[in-house]
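Side chains included, hydrogens not; waters and symmetry mates left out as well; all remaining heavy atoms used.
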Amino acid sequence: MSRKVTIIGAGSVGSTITYTMAVNGLASELVLIDINKEKALGEAMDIQQGTPFCAPIKIYAGDYKDAEGSDVVIITSGMPRKANQTRIDLAQNNVNVIKDIAKEITKHAPDALYIIVSNPVDVLTYVFCKVSGIPEHRVIGSGTILDTARLRARLAEYMSISQKNIHAYVLGEHGDSSFVPWSIAQVGCIKLNDCRRSITNDQKQWELNYDEIEQYMRTSGSQIIGRKGATFYAIAISVCHIVETLFGSTNSTMTVSSMMHGEYGIEDVCLSIPFIVGPNGIAGHVLPALTEDEVVKLQHSASVLKNVIKQVEF
């Protein structure tokens, strides 16, 4: 089956997504677009030259017109935050970028599913929904899918259990107001709060420090940036997981960012709850029974995002 994906932005994140998709055979055609055309060409050539050892795939650098017929478009373009730059200034810069991209890409790929990865991802997902004309269910922000992966990885380290057996989530903003609803976290079929007395593990004795785990989830990205300058492997894998679901035959639940319409009393903002994602994009949502305190935290996260949205022009 022919599957075409366009990646806008040939920086570390965009090029790593392209590479990961090629290695895993997720698409038959990949188009890499960047304002720096030489950079896009170099990344596409480098990845394409390794494809004789992968599933057959066509990879090339192009322009917006080359996105025609794309099944999925992934947007990673944006400005990194500079020293002394406010969060609002960063948001406005990248809102301007996403508006310019939306104007051009939707002319050539009006029927595609869109994944927004650029930051601030929740704000940009909201703006793209408002300015692009693309139906909301076909616009997906990467949201807290990476934060959720970081959380599960940390819990798996504590417990010496496969990450795939950890069912815990990060909800809200992909940012400082995100939170972990510990009341719904599980390991296998056991609530996390009951694990200490319900699970025996000869490999390791452990005690869960919720504060440390949540702090790790929230700060590990900045730790990586401090050590190597950028984060791109984990987000690339996360985005490819979304693409794999979009190209699959069944739906999957994941914490991506999409428009809220009254869930938990939240309206007209994009943030992450467990949405159902499938071949047609957002197919619905799962609304876990959160505690009153957790609902307040989610509503606070929505308020933080709405405050940013009010201060940017689009």
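In terms of hydrophobic clustering, with Ile, Leu, Val, Met, Phe, Trp and Tyr side chains grouped at heavy-atom distances under 4.5 Å, V131 and V95 are assigned to a common cluster.
Looking only at distances, a side-chain donor or acceptor of Q92 sits under 3.5 Å from a matching main-chain atom of E313. Between the side chain of S183 and the backbone N or O of L290 there is no donor-acceptor pair closer than 3.5 Å. A donor-acceptor pair under 3.5 Å is formed between the side chain of S118 and the backbone N or O of S77. Judged by distance alone, with hydrogens and angles left aside, the side-chain atoms of S28 form a donor-acceptor pair with the main-chain N or O of R3 at under 3.5 Å. Side chain of T291 to backbone of E294: a donor-acceptor contact under 3.5 angstrom is found. A distance-only check finds a donor-acceptor pair linking the side chain of E263 to the backbone of H261 [under 3.5 Å].
Between H137 and L113, every side-chain heavy-atom pair lies at or beyond the 4.5 Å cut-off. Within the 4.5 Å cutoff, no side-chain heavy atoms of C270 are placed close to those of M260. Taking 4.5 Å as the limit, every side-chain heavy atom of T219 sits out of range of all side-chain heavy atoms of E214. At a threshold of 4.5 Å between non-hydrogen side-chain atoms, the residues L32 and D34 do not count as touching. At a threshold of 4.5 Å between non-hydrogen side-chain atoms, the residues K37 and L41 do not count as touching. Between I213 and W182 there is a side-chain heavy-atom pair separated by less than 4.5 Å. Residues I309 and Y126 are in side-chain contact: their nearest non-hydrogen atoms beyond the backbone lie under 4.5 Å apart. Side-chain contact between L192 and V187: present, with at least one pair of heavy atoms (C-beta onward) separated by less than 4.5 Å.
Qualifying side chain to side chain contact (heavy atoms under 4.5 Å, CB included) partners for N165, counting only residues two or more places apart in sequence or in other chains: I161, S162. Residues passing the side chain to side chain contact (heavy atoms under 4.5 Å, CB included) test with N280: none are found, sequence neighbours excluded. With sequence neighbours left out, Y114 forms a ring-ring contact (aromatic ring centres under 6.0 Å, His included) with F128.
Distance NE2/H108 to OH/Y64: 9.5 Å, rounded to 0.5 Å. Remark: N119 CG to H174 NE2 distance equals 4.5 Å, nearest 0.5 Å. Rounding to the nearest 0.5 angstrom, the gap separating the CZ atom in R150 from the CE atom in M217 is 9.5 Å.
Pairing each heavy atom of V256 with each of G141, the nearest pair is CB-O, 3.2 Å. T125 approaches S257 most closely through the heavy-atom pair CG2-O, 3.9 Å. Counting all heavy atoms, side chain and backbone alike, A185 lies closest to A168 at CB-CB, 3.8 Å. In terms of heavy atoms, D122 sits closest to G172 at OD1-O, 4.3 Å. The minimum heavy-atom distance between I47 and A22, with the atom names listed, is CG2-CB, 3.9 Å. The minimum heavy-atom distance between L171 and L298, with the atom names listed, is CB-CD1, 4.2 Å.
Taking a 6.0 Å sphere around CZ of F179, one finds it holds more than 12 heavy atoms contributed by other residues, nucleotides or ligands. More than 12 non-hydrogen atoms from other residues, nucleotides or ligands lie less than 6.0 angstrom from CD1 of I225. More than 12 heavy atoms of other residues, nucleotides or ligands lie within 6.0 Å of OH in Y264, so this atom counts as buried by the packing criterion. No more than 12 heavy atoms of other residues, nucleotides or ligands sit less than 6.0 Å from atom NZ of K164. Heavy-atom neighbours of N307 CG from other residues, nucleotides or ligands within 6.0 Å: above the threshold of 12.
The pair R218-D147 does not meet the salt-bridge criterion, since no charged nitrogen lies less than 4.0 angstrom from a carboxylate oxygen. A salt bridge links E157 with R154: at least one charged nitrogen is closer than 4.0 Å to a carboxylate oxygen.
A donor-acceptor contact closer than 3.5 angstrom links the side chains of S301 and S177.
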Quiz prompt | salt bridge (charged side-chain N to carboxylate O under 4.0 Å, His left out) assessment of K4 paired with E68 | solution = CA-CA 9 Å; K4 181 175 180 178; E68 185 175 347; over 6 Å; no
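Remark: R152 is positioned above the aromatic ring of Y169, its terminal NZ or CZ atom under 6.0 angstrom from the ring centre and at most 45 degrees off the axis.
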